[in-house]
Protein chains: 2
Amino acid sequence: MIKPFDDTYFMRKALQEAEIAFEKGEIPVGAVIVVDDRVIARGHNLTEMLNDVTAHAEMQAITAAANFLGGKYLKNCTMYVTLEPCQMCAGALYWSQISKVVYGARDLERGFITMKTQLHPKTKVEGGVLAEEAGELLKRFFVTKRNLN
Amino acid sequence: MIKPFDDTYFMRKALQEAEIAFEKGEIPVGAVIVVDDRVIARGHNLTEMLNDVTAHAEMQAITAAANFLGGKYLKNCTMYVTLEPCQMCAGALYWSQISKVVYGARDLERGFITMKTQLHPKTKVEGGVLAEEAGELLKRFFVTKRNLN
């Protein structure tokens, strides 16, 4: 059976968000939150524009999804995020009790797996979806930035 | 030498924020951020009112302080918070590179010490300032809530 709305489909939506961040000069990370094959929230990194270390893509998507749902718990929701979440974002996902987190590229230095941040026991995790695209975008950002300085 | 603006003085300011949260029916946690003996940002837990798991006292204080300073890094800043920060808030403090975190009561279950969340290497930590007052306020909140249900 053809399943058009698969993990790759939604990760592409998260990558589109990451590209918007790139265009704004932000470290290109994007996230979407999905319920029943529908995107209910989007977010991209805005830490530079907002001068705010808490303005990661995931944090904004969590706030937007809760606002859409009218409740703070994200049960039955899946987050697609282009880069493995950090301690802060994994900590927020813990409180949200989200059903599933799908990430693209690993962050071996500051990602929640290396940092041993706990997600909620109910949260499933899957990694590596469109990891290459997500990683390439990040690399392109840092190369461009280095050449500008 | 008498030092009127000591840790107890600023923790009382954080406790005032926690009391505001209590009055709003929120789990009573409060935080302030201080530079050169001046409070530059305040925050209290608003997770219920905002329907948002990210609306912890610390997160709001971090955002407010960065807004006040016009920069996202909180170097030379001290956060006073009535309860030991969770993974999410400690993760945000990590990114902020804040100079010092002073907390009141320990959170043995979900606090960053038990959860092994990393703060920035430059961040000093001190605990137990007005811990009893902070803990009493939390206990009073949960007793009141239980009696209402």
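Every chain is numbered from 1, with letters handed out A, B, ... down the list of sequences.
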Report yes or no: does Asn51(B) contribute a side-chain atom to a donor-acceptor pair with the main-chain N or O of Gly70(A) at less than 3.5 Å?
-> yes
Examine Val29(B) and Leu50(B) and state if one hydrophobic cluster contains both, with Ile, Leu, Val, Met, Phe, Trp and Tyr joined whenever side-chain heavy atoms are less than 4.5 Å apart.
-> no
With rounding to the nearest 0.5 Å, note down the distance linking OG1 in Thr114(A) to CD in Gln118(B).
-> 10.0 Å
If you group Ile, Leu, Val, Met, Phe, Trp and Tyr by side-chain heavy-atom gaps below 4.5 Å, do Ile27(B) and Met49(B) land in one group?
-> no
Answer yes if Leu46(A) and Val81(A) sit in the same cluster of Ile, Leu, Val, Met, Phe, Trp and Tyr residues linked by side chain heavy atoms under 4.5 Å apart, and no otherwise.
-> no
CG (Asn76(A)) with more than 12 external heavy atoms under 6.0 Å = no
How would you list all residue pairs meeting salt bridge (charged side-chain N to carboxylate O under 4.0 Å, His left out) that involve residues 48-75 of chain A, not counting sequence neighbours?
-> Glu48(A)-Lys72(B), Lys72(A)-Glu48(B)
Contact residues of residues 83-110 of chain A (partner chain B; heavy-atom separation under 4.5 angstrom) = Cys86(A), Gln87(A), Met88(A), Gly91(A), Ala92(A), Tyr94(A), Trp95(A), Ser96(A), Arg110(A)
Using the rule that two of Ile, Leu, Val, Met, Phe, Trp, Tyr join whenever any of their side-chain heavy atoms come within less than 4.5 Å, decide whether Leu69(A) and Tyr73(A) are in one cluster.
-> no
Linking I/L/V/M/F/W/Y whenever any side-chain heavy atoms sit under 4.5 Å apart, do Ile40(B) and Ile20(B) land together?
-> no
